[in-house]
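Bear in mind that the values here come from a model prediction, so they are computed numbers and not experimental data. The figures here come from the full heavy-atom set of this structure, side chains too, leaving out hydrogens, waters and symmetry mates.
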Amino acid sequence: MTSETGAGAGAGADAVAEVLSALADPTRRRILDALAAHGEATATVLAAELPVSRQAIVKHLGVLDRAGLVAGHREGREARYRVIPQRLGVTARWMDRVAADWDTRLTAIKRLAEGEAHPGDPEN
């Protein structure tokens, strides 16, 4: 297993789990999409675009922030948020590895089902 998902992987596995958990909510995905479109926005701007209260947006932004997907900074009385793509990249690479592992497994199953010799078989 990889350092991001293997047993005892620590922060890497936690990062992927946090991202997947944060992205499981469709409202948070919409907030992330809106932030990506704006480049930077406040909770007030996001609430005007989405069918969610400003208070709910702030709570969702907190989850996205803890998952490392957004970062906020103060400008006067408002906090402005922007997307941080690094954790998305880590998660995408993990998902690519999982997909490749499954492709390998499915190819092996297909070969077995079709009666083809497997490259690791002693008969080859």
Side-chain angles (χ1 to χ4, degrees):
M1 293 203 135
T2 69
S3 63
E4 291 166 358
T5 60
D14 291 346
V16 170
E18 287 172 356
V19 168
L20 293 175
S21 178
L23 294 179
D25 185 284
T27 300
R28 286 194 283 272
R29 291 193 305 270
R30 290 180 69 187
I31 290 169
L32 206 57
D33 287 342
L35 276 176
H38 283 283
E40 189 174 272
T42 65
T44 303
V45 168
L46 295 168
E49 291 181 19
L50 301 169
V52 181
S53 70
R54 184 186 178 287
Q55 292 80 6
I57 294 285
V58 169
K59 287 182 181 182
H60 285 298
L61 285 168
V63 173
L64 292 168
D65 186 23
R66 285 188 298 280
L69 296 171
V70 301
H73 68 277
R74 299 297 265 170
E75 272 189 25
R77 293 179 54 178
E78 294 237 313
R80 300 187 64 79
Y81 291 87
R82 63 184 172 83
V83 174
I84 304 296
Q86 288 81 4
R87 286 262 178 112
L88 286 172
V90 167
T91 304
R93 286 188 298 277
W94 173 80
M95 291 173 73
D96 286 343
R97 284 191 299 274
V98 169
D101 288 348
W102 274 106
D103 286 345
T104 300
R105 290 177 184 139
L106 291 173
T107 299
I109 291 169
K110 180 181 176 191
R111 282 189 202 133
L112 288 172
E114 293 173 348
E116 295 179 15
H118 187 276
D121 286 347
E123 298 167 0
N124 280 344

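Under the 4.5 Å side-chain heavy-atom criterion for ILVMFWY residues, no single connected hydrophobic cluster contains both L20 and L88. If you chain together hydrophobic residues whose side chains sit under 4.5 Å apart, V45 and L35 never meet in one group.
The closest donor-acceptor contact from the side chain of R28 to the backbone of A22 lies under 3.5 Å.
Across every non-hydrogen atom of V58 and A43, the tightest pair is CG2-CB, 3.7 Å. Across all non-hydrogen atoms, the minimal contact from R29 to L23 is NH1-O, 2.6 Å. When all heavy atoms of I31 and L46 are compared, the pair lying nearest together is CG2-CD1, 4.0 Å. Between R77 and R74, the closest heavy-atom pair is O-NH2, 3.5 Å. The minimum heavy-atom distance between A15 and R87, with the atom names listed, is CB-NE, 3.5 Å. Listed here is the closest heavy atom pair of Y81 and V70: CD2-CG2, 4.1 Å.
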Start with the C-alpha distance between K59 and Q55, add both sets of side-chain angles, then the distance that settles side chain to side chain contact (heavy atoms under 4.5 Å, CB included), and finish with yes or no. CA-CA 6 Å; K59 287 182 181 182; Q55 292 80 6; 5.7 Å; no
Decide side chain to side chain contact (heavy atoms under 4.5 Å, CB included) for V63 and R66; before the verdict, give the C-alpha distance in whole Å, the side-chain angles of both, and the deciding distance to 0.1 Å. CA-CA 5 Å; V63 173; R66 285 188 298 280; 3.4 Å; yes
Apply the test side chain to side chain contact (heavy atoms under 4.5 Å, CB included) to residues W94 and V19: give CA-CA distance (whole Å), side-chain angles for both, the deciding distance (0.1 Å), then the verdict. CA-CA 11 Å; W94 173 80; V19 168; over 6 Å; no
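For residues 30-42, the pairs satisfying side-chain hydrogen bond (donor to acceptor under 3.5 Å, both in side chains) are H38-E49, E40-R80, T42-E78, with sequence neighbours left out.
Taking CG of D101 as the start and CG of L106 as the end, the distance is 11.0 Å to the nearest 0.5 Å.
Looking at L32, L69, L64 one by one, the single match for side chain to side chain contact (heavy atoms under 4.5 Å, CB included) with V83 turns out to be L32.
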